[in-house]
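So that the names make sense, note that chain A is the first sequence line, chain B the second, and so on, each numbered from 1.
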Amino acid sequence: MERRYRLQKNKAFQYVYHRGKSVACRDLVMLYAKGRGLQVGFSVSKKVGNAVTRNLVKRRLRECFRPHLGDVKNGLYVIVARPSAANATFQSLQKDVAYLLKKQAAFKEGNRA
RNA sequence: CGAGGUGCCCAGACGAUCGCGGGUCCCUUCGGGGGCAUGAGGAAAGUCCGAGCAUCACAGGGCAGGGUGCCGGCUAACGGCCGGUGGAGGCGACUCCAAGGAGAGUGCAACAGAGAGAUACCGCAUCUUCAAUCGCUCCGGAGGUCGGGCUUCAGCCCGACUAACGACAGUCAAUGCUUGCAUUGACGGAGUGUAGCCAGCGCCGGGCUUUACGCCCGGUGAUGGCCGAAGGUGUAAGGGUGGAAAGGCGAGGUAAGAGCUCACCCACGGCUUGGCGACUUGACCGUGAUGUAAACCCCACCUGAUGCAAGAUGGUAUGGAGGCAUAUGCGGCGGCCCGUCGCGCCUUCGCAAUCGCUUGAGCCUGCGCGGUAACGCCAGGCCUGGAUAGAUGAUCGUCCAAUACAGAACUCGGCUUAUGGACACGCUCGCGCA
RNA sequence: CGCGGGGUAGAGCAGUUUGGUAGCUCGUCGGGCUCAUAACCCGGAGGUCGUGGGUUCAAGUCCCACCCCCGCAA
């Protein structure tokens, strides 16, 4: 997942937290705000674990989102990990990301079918 | 075989597909695409020390403050490392140590205890002063501990146990026999009394006299006392306590005592032997000082402050707005003084980019050289992360006993803490077998 | 990444400077007052002083290491 698709600045995160719509499941929360480009940010707080655990969760979330890059609408996405995400497997995170994108109605019309 | 001790090493490996960062080469329609090799740790952690680097005057002085603290060496430096000394622990291999000075001064040592760096409270001995003895009975039971009761508390009472301690508590003589005990007496101590004595007081009688207060003698009554008490001097042997009580034990000595003297031992200082030194040896000389400096302090050495969010570059740039001040003031400057430089101070509004940013007190090899070692020197070889919301992951296969603690954020050298495993030993102790 | 503050009874806090007894308020428990409750009065219980070492005769206090919580600035 290349760097240009990534949400970088703190102000952008604040914008999404203010304007975005949120959906959630047990391990994750997803926020979405309209925008021109396609940028995704990941937020993993210290409650999740130590530095090794937090890096592992971020890597897994990036890998989960990567296959959907061509299929979703443009806009700003933020995925927040809850503390229980530290114990989740890669497969369950994959399912959760797909479920949340569907619940957010973020897939393009043509790919729905 | 079991229990240890020390040292050293590794941190999953290989292959396939997809994906990420920077580097380099090639292509490019300048958007990017492809190839190549490469890409987290022993602790990257905690942020406890030491440095490099940067800015403040390339940082000036003094005091204060802070740090370190056996000795020698190593190192850029250190609170680190190595080797010794002393002490502590362990049967041992071995491990651990803020380990200068209490004989420079100040402070503190609660409670208990007579007394806490100084004490005569009891006792012992001696001296002085003070009026007054006999009979009978008995020979210690203060204190401590435990239990019970009473009381507002302080404390008091009763019972049991203890015999260290003491009044340095028994000493001396005679007799008897069971020959180490009993009896008696004296000294000593305690209690007691229709006895005796002393003191002043009250009452009664007599006498004296200056006829007024009084004085003397005798009797009687109750009270208090009758050999201890008070004071001086000497003493540090003994005295419940306490972490600690002015060296320890024995003998001599003395009125009683005391390192007062002596022998042995302990500690400290001097001298002396060995060692660069900490320290150490000794048959010599002197002294007997409590502990605490992780209390203040003294001595020796070190120490300017702030940290890459430092700072630099070019951008509209010693910025814009509001308020307050205006040189005995404010700031750089941190606790104070001096010195020096600048001219304002407070509140508020403000954006990113690039550099710093990785070649460095660097790593590997040598049965190289010097050194016990830490380490240094020499020779050869190597380039080995540089991200900026933060790069190492996902799936599968094989091997494996199985991956624990854990993610660089300017960079190094240490310390401390967390944690899985493997190996080695002319190492130690115990048990068994030969 | 750097810096600062804190951890003491069920809760909120003193005590740490200068080492010897751990205390205050609320709450809780028992009793009283009341027809009953509250308020009020009397009495009591409740503490690994964050953890582990060290210095000291003695540590909540002094020293060292570690753990946890909160805050500041980008």
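Nearest-nucleotide positions on RNA chain B place Gln94(A) closer to the 5' end than the other of Gln94(A) and Thr53(A).
Base-pair partner of rU340(B): rG332(B) (Watson-Crick or G-U wobble, both distances under 3.5 Å). With a cut-off of 3.5 Å on both Watson-Crick or G-U wobble distances, the partner of rA300(B) is given as rU68(B). The base-pairing partner of rG311(B), taking Watson-Crick or G-U wobble contacts with both distances under 3.5 Å, is rC355(B). Under the Watson-Crick or G-U wobble criterion, with both distances below 3.5 Å, rG176(B) is paired with rC181(B). Under the Watson-Crick or G-U wobble criterion, with both distances below 3.5 Å, rU137(B) is paired with rA190(B). Across all strands shown, rC369(B) forms a Watson-Crick or G-U wobble pair with rG376(B), both key distances being under 3.5 Å.
For rG240(B), the O4'-C1' to base torsion is more than 90° from 0; the nucleotide is therefore anti.
Checked against side-chain contact (heavy atoms from CB on, under 4.5 Å), Lys34(A) has the following partners two or more places apart in sequence or in another chain: Tyr32(A).
For rG393(B), neither phosphate oxygen OP1 nor OP2 lies less than 4.0 angstrom from any side-chain nitrogen or oxygen of Arg60(A).
At whole-Å resolution of the value, CZ in Arg54(A) and C1' in rG393(B) are 17 Å apart.
Within 3.5 Å, a donor on the side chain of Arg59(A) pairs with an acceptor on the base of rG407(B), or the reverse.
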